[in-house]
Amino acid sequence: MSVAKSKPLSNNPYITVAKFGGTSVADYQAMLRCAHIIKKDRTNRVVVVSASAGVTNHLVRLSQAGIGAEERENIIAAIARIQFAISCQLTCQSALDEEINELLSALSRCAAQQATDYSLQNSDEILSFGEQFSSRIFAQVLQSIGVNGHYFDVRQVMKTDSLYGKAQVNLAQLSTQAKALLRPKLNEQVVVTQGFIGSDQLGKTTTLGRGGSDYSAALIAEAIQANNVSIWTDVVGIFTTDPRITGQARSIKEISFGEAAEMATFGAKILHPATLIPAMRQDIPVFVGSSKEPDAGGTRIQRTVDSNPTYRSIALRREQTLVTVKSPEMLHASGFLAKIFTVLAKHQLSVDLITTSEISVALTFDNPFGSTQALLTQAVVAELEQLCEVSVEHGLSLIAVIGNKIHGSTGVGSRIFEQVNDFNIRMICHGASEHNLCFLVPESDANQVVERLHDTLFSNQG
Ligand code: ADP
Ligand code: ASP
Ligand code: MG
């Protein structure tokens, strides 16, 4: 097949790193739409892809211990169907199918090993296959429409520690490697690489945490000093709340780094929570748009924006655990909190929110689906019980109202809480951040509370 070479770039070219999420690379038609987005704007020189929709969830199951041979085969067959359904649309099918078959065999070996001899490292190896498939396929889809797209293994540059499941990136190494190995390629080609995965100092595969491809794109942009990051997803930008919760949600044209970072931290799934950290460090604007409707606009995230409203959005994070520790010893005593936190630190548990009274402390923990982070186990609870009374509640959702100067504006608390006074509010955090006010509600009430608050806070924003 003859492939039109992308025009060489000048010495100091404008570079966009474009990231496509799982639904954007779910099937052939979706990938083709993304390929045309790349072709239309020649500043798109680096493409970061997620695994095709559903593939990582299949891999999470495969990465667990003790999965039987039949289930393993069924899962691998389901993944194969997704990937071959795309490759069969391409004229270079046979070479690509050979690569896919090689990857499937390697995956099958890793899965068999995991079933009998579980390791966290092998778990990350297994999880990495989704992005390996989609990046190889997407490079070919680009070539099929005349874009000089080439597969690049991000593990050469995305160097991390060995905290499998949530590896921390070594920024200095990433910067050196990306400048040496990736940046020079951009004069001649569009590089297609993987989000979510990296490799440790021994060259073993690592992953950055679920939804980590957004973060990968921003890290790569920072490392190669790109001018822009485009996150192409399934919605036309960042909305005032998750559009799946209410049809009243509206796309936001412009939002500051700080506000968007707060949304991501408080559960707006549209961006991985760490995405804006590299973008803020290098002041790289981030665009969020829909690969289904690339001309419908989207959201621009940047350092400063024209308007800074008190209420910008509402975020929702499900599957929260609330732990209340209580002890009369706390009254006028010092060192009690330190003891509690020593236990939590020993078990690598990261506390999310805290409120205290004279004799008790309430703490929340995040327990997202597919997470490999440390969880609050019975052993931790038993250890805390040596120090105090402990109660643990599951099935809660955290709702965060995000905006500007929320801590200093009058009437914010009453406006929010009068809307939800018939719900059981379990914990409130207000005042610590200028950008948010948040509280816990029972999981079953969460959507209704968000809808009601959204109606009140955003009803006049047609
Ligand atoms: P991708 O696979 O492209 O990374 P995700 O599923 O991770 O996409 O993120 C996109 C989804 O985020 C949307 O479909 C939407 O339901 C959800 N979402 C949650 N909060 C928001 C929000 N405030 N604005 C837009 N989308 C949101
Ligand atoms: N494929 C990974 C996941 O599903 C990473 C990503 O999509 O961002 O979590
Ligand atoms: Mg995502």
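By convention here, the first residue in the shown sequence is residue 1. Both counts, for ligands and for their atoms, begin at 1 and track the order of listing.
- Proximity annotation for atom 6 (O) of ligand 1: of Met263, Lys269, His272, Arg250, Lys269 comes nearest, heavy atoms only.
- Inter-residue side-chain proximity for His394 and Thr321 is flagged as met; some heavy-atom pair is nearer than 4.5 Å.
- Ligand 1 lies less than 4.0 angstrom from a heavy atom belonging to Gly237.
- With 3.5 Å as the limit, one finds no donor-acceptor pair spanning the side chains of Glu451 and Thr246.
- Between the side chains of Ser128 and Gln132, a donor-acceptor pair is found at a separation under 3.5 Å.
- At least one heavy atom of Pro243 sits less than 4.0 Å from an atom of ligand 1.
- In terms of polar-atom proximity, Thr56 is counted as a contact of ligand 2, with an N or O under 3.5 Å from an N or O of the ligand.
- Below 3.5 Å of separation, one finds an N or O of Asp234 facing an N or O of ligand 1.
- Which parts of ligand 2 touch Ser50 is read off a 4.0 Å heavy-atom cut-off, strictly below it: atoms 6 (C), 7 (O), 8 (O).
- We find that Lys19 and Asp214 are joined by a salt bridge, their nearest charged nitrogen and carboxylate oxygen being less than 4.0 Å apart.
- Closest to atom 3 (O) of ligand 1, if we only count protein heavy atoms, is Thr233 OG1, 2.7 Å.
- In terms of protein heavy atoms, atom 24 (N) of ligand 1 is closest to Phe239 N, 2.8 Å.
- In terms of protein heavy-atom proximity, atom 6 (C) of ligand 2 is nearest to Ser213 OG, 3.3 Å.
- The protein heavy-atom contact nearest to atom 12 (O) of ligand 1 is Ile270 N, 3.4 Å.
- The atoms of ligand 1 that sit less than 4.0 Å from any heavy atom of Ile238 are 24 (N).
- Near Ala268, with a cut-off below 4.0 Å to any heavy atom, the atoms of ligand 1 are 20 (N).
- Using 4.0 Å as the threshold, Gly130 has no heavy atom nearer than that to any atom of ligand 2.
- Under 3.5 Å, the side chains of Gln168 and Asp161 contain no donor-acceptor pair of N or O atoms.
- With no hydrogens or angles considered, a side-chain donor-acceptor pair links Gln173 and Gln201 at under 3.5 Å.
- Scanning for ring-ring contact (aromatic ring centres under 6.0 Å, His included) contacts around Tyr215 gives His272, with sequence neighbours left out.
- Looking at ligand 1, you'll find an N or O of Lys19 within less than 3.5 Å of one of its N or O atoms.
- Not counting sequence neighbours, the partners of Thr160 by the side-chain hydrogen bond (donor to acceptor under 3.5 Å, both in side chains) test are Thr206.
- Backbone and side-chain nitrogen or oxygen atoms of Gly22 are examined, and one is located within less than 3.5 angstrom of a nitrogen or oxygen of ligand 1.
- Where the criterion is an N or O separation shorter than 3.5 Å, residue side chain and backbone included, Arg244 meets it with respect to ligand 1.
- Protein heavy atom closest to atom 4 (O) of ligand 2, with residue, atom name and distance, is Arg210 NH2, 3.1 Å.
- In summary, the side chains of Arg155 and Thr205 do present a donor paired with an acceptor at a separation below 3.5 Å, with no hydrogens or angles considered.
- For the residue pair Arg318 and Asn447, a side-chain donor N or O sits within less than 3.5 Å of a side-chain acceptor on the partner.
- Below 4.0 Å from some heavy atom of Glu131 lie the following atoms of ligand 2, by number and element: 1 (N), 2 (C), 5 (C).
- Protein heavy atom in closest approach to atom 21 (C) of ligand 1: Asp242 CA, 3.6 Å.
- Side-chain N/O atoms of Glu259 and Ser256 include a donor and acceptor closer than 3.5 Å.
- Residue Gly211 has at least one nitrogen or oxygen atom sitting less than 3.5 Å from a nitrogen or oxygen atom of ligand 2, judged on distance alone.
- Trp232 and Phe20 have parallel rings, their planes meeting at less than 30° on a 0 to 90° scale where 60° marks the start of perpendicular.
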